[in-house]
Amino acid sequence: MSVSQQFCTFCLDGHVFGTPVPKVQEVIQHQEMTRVPLAPDVVSGLINLRGQIVTAIDLRRRLGLPERAAGQLPMNVVVRTSDGAVSLLVDEIGDVIEVEEDTLEAPPETLQGFAREVVRGVYKLSGRLLLALDIDRVVDLQDLAKSEANGEF
Amino acid sequence: MDEIVKDFLIESRENLDRLDQELVKLESAPSSKDLLASIFRTIHTIKGSCGFLGFSHLEKVAHAGESLLSKLRDGELTLNAEITSGLLAMVDAVRTMLARIQESEQDGEDDYPALIAHLAELQHNGGHGKKAEAQASGAGGDTLSAPDAPISELPAKEANSPDAEVTTPDPSKIGGVLLEKGLVRPEDLAKALELQELGRHKLGEILIEQGTAKPEDVAAAQQTVQTRNPEAAAETIRVGVNLLDRLMNLVGELVLARNQLLQFSNNTQDAGFQTVSQRMNLIATELQEEVMKTRMQPIGNVWNKFPRTVRDLALNCGKDVRLEMEGQNTELDRTIIEAIKDPLTHLVRNCVDHGIEVPEARKQVGKTAGGLVKLRAFHEGGQVNIEITDDGAGLNAERIRQKAIERGLVSAQQAARLSDRDTFNMIFLPGFSTAEKVTKVSGRGVGMDVVKTNVEKIGGTVDVQSTAGKGTTVKVKIPLTLAIIPALMVTSCRERFAIPQVSLLELVRLEANDANKVIEMVHGAPVHRLRGRLLPLVYLARELHLVSSGADSKAMDRPTNIVVVQADGREFGLVVDEITDTEEIVVKPMGKQLKGISAYSGATIMGDGRVALILDILGLAQRAKVISESRESTLAEKERTLRERNDSGVDRQTLLLVECGETGRMAIPLALVARLEEFPASAVEMAGSQEVTQYRGEIIPLLRLSRFLAPQSRDTSPEGSQPPVQVVVYSENGRSVGLIVDRILDIIDDNLVLQNPAERRGIVGSSIIQKRVTDLLDIPTIVREVMPAFEKAPQAKAQEQA
């Protein structure tokens, strides 16, 4: 009887993250990227998604996780946001799973830093935890842009 | 809102725009039956649709206008300015009501009694025939039995017979065509037209029925009508702009896929596959062109409104202004059309309000009473040029200078040095207006700078030229489209970047061996001497933090590529690793995440499917501090270069290059040189301690320049030695002196910019001429110093010349 929701999951540094399926436009293989000098670090570059230019954000960097091992190619999770499509670079793509809303818990107090702002909550799955991401918050780089601008001028 | 109402609104609005133009046109050709018929038809269509849709107020207004028009059409009234104004007011009222319908689906409570009464009154003025008056007085009422009943009953047949009762049949209609070709007799045609009014047959059918015209002639005439009225024959549909944009995007994609396919096919031996991909190539190219065309619109779409604007404004200011347009069909991308609409309107209004004088003033200076505003559009060099010319009073450079001083934009000294052209362009500075009085229309000084900003925003330029008393021309240059632009592709640290062609001035390549010599440092800032001027250099890789500062100094063993660009009137050199090619690129927006970076204006997808960034030269310049505070600095900069020029007293001028002993290369302004002579050494004689020679029957003193410049040095050519002497003859006030130099090198034409005013005597300063440091000689001073006796002429005069 409890409300359930489908989540698209992906791995980052051994953690399982997820976002509601309707938010995800598509998942594609690693793409060659064009890097954008002067852009915040978390922006890995631009990819050509069938003629549309999409910004790729390295989710590891965005969440303050350690860098991906050299040679490990990330996957692109293209998400829909209010500003159009944005690609999130993740280590691996997981299954689409059904989660019950009543297994949701607020992120633990000990979760620190930016991760705390973008993790909406934690779903307790059997044997592991699923961290639900606030996608719109993740792709909004305004906090970074400001600090970059301050550094520049 | 009902689809039908929506369609009605769109259609009516287009019709009204056309009405504006036609009414103004009609004013200059009041007897044109074609125009009248067309205007009448338009109003009639609006009226008919209103009745059908139940907008009674709107219908009444349209009806009143229609009644007045019918009088004009029947020749009972002749058009005059008052009637035109009345009709235009009617058009405005209709427009207001349409706007109201758009908002509320109602045509509002206002039924414009005053306007309707005015229109009725106009109908009386000069109107004869009681019947017409009776009808006119009923115009405000509900009577819809206008004298045009036959037409109102036959709206569907308008294309065939709307002006049945017009005495000269419209040559764009079937009857007119037949008559023109002599295939039908006028009386037969008149009879057929009468019959058509009674029945509901097509004119052609009636003529055939009557046996007055042959079926094949009618069919041929039908053809002619269709070619003469392309809009009647061509089928058009309305398509959303979004759809076109999407289509454009998809075609861009297709082109990229095509490029990849071609690369692939070049690597295979399969002839069949190659043929298919070639075919694909051609189709994709053609498709791209056609889709591009769907977004193109003639500039006439914007100009349409101008005849009305000019007319109303001229009337307002008590002026008589004619508008001429040339090149209405010049096509532009619709986004650009949108962007230039307001600036152009402003420029045209300015012409009428400020440019053209009142008729009396014009007559006084021997011009025709009526002024002319001319719009001209044409394609040139991948850009669209729009010129707005008026034959008015022209700009008053003196007044602009004064105004600029008053407003504190320049100092009095600065103003005095500004050339007329620079002065005129000051009208584009914010807060500038020379209008004596602020009118309703313009003169508030918010306009011209906005014009400039808006035009520059879309990569265009504005320039103004003016001749006092003759008129003013504003030239606007804009790109054809914003979606696809030509760009130069460059690489820096293996990353590709596109530089829009509009910012590009020239490319300079410095060979590895020279690079060290010609890139110099001014207090740590790299500069290059480009034709004698210092060009600040910006290293792209450093600016974009692709490498840490200074890391590329080791790259001096490779040639240096400099892309000379300009941003906001300021030139600088962008140093890149490689310059690849120019390409047409499709500009695509970047995500919001990257909007804050001023160095890029967008991104594009290259032939290999990869993304490349488009550099925003202006943003880059600001980043690199090439320009600090954009507008002001430009003026300050201009002022600075002007001062430099003025201090040296020379601008672009012709110089004589000479060599004098150890002191090296010297330059003498050619204007000071009377002649160049060569004398045999024996011709040099002595008069006391002074060397002299005989020259044209005179004895002229000789002066050894090398001895003057470096007195301690020994002469390179001792007196009495064999080689002939090279003499530069300098004349002043009828007296001459010969300057002996070692060698005459060259005569050059150069932009002389004195870099460091020298302290050495006899030298004005140094400049770079032909890439070598050259001293500019101050001949009059030298002569005076060596030979005080030379000066017999009054001091003041001599100095003036100096």
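Keep in mind the model is a prediction, meaning the values are calculated, not measured. Chain identifiers are assigned alphabetically (A, B, ...) following the order of the sequence lines, protein sequences preceding nucleic acid strands; residue numbering begins at 1 within each chain.
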| query | Tell me, do Asn561(B) and Val563(B) make a side-chain contact under 4.5 Å, heavy atoms counted? | reply | no
Honestly, the part of Val139(A) sitting under 4.5 Å from a heavy atom of chain B is both
All heavy atoms of Ser44(A) vs all of Leu89(A), minimum pair found to be OG-CD1, 3.3 Å
Query raised in the report: Heavy atoms, side chains only, cut-off 4.5 Å: are Ile617(B) and Leu574(B) in contact?
Result: yes
If you tally heavy-atom pairs under 4.5 Å between each of Thr81(A), Val86(A), Leu46(A), Val43(A) and chain B, the highest tally belongs to Leu46(A)
Practice task
Would you mind reporting whether Val276(B) and Arg279(B) have side-chain heavy atoms less than 4.5 Å apart?
Solution key: no
Turns out that what part of Ala603(B) lies under 4.5 Å from chain A's heavy atoms comes down to both
Whatever's closer than 4.5 Å to a heavy atom in chain B on Val54(A) counts as neither
Intermediate values then yes/no, side-chain contact (heavy atoms from CB on, under 4.5 Å), Cys8(A) and Ile93(A): CA-CA 8 Å; Cys8(A) 175; Ile93(A) 193 82; 4.3 Å; yes
Turns out that what part of Ile47(A) lies under 4.5 Å from chain B's heavy atoms comes down to backbone
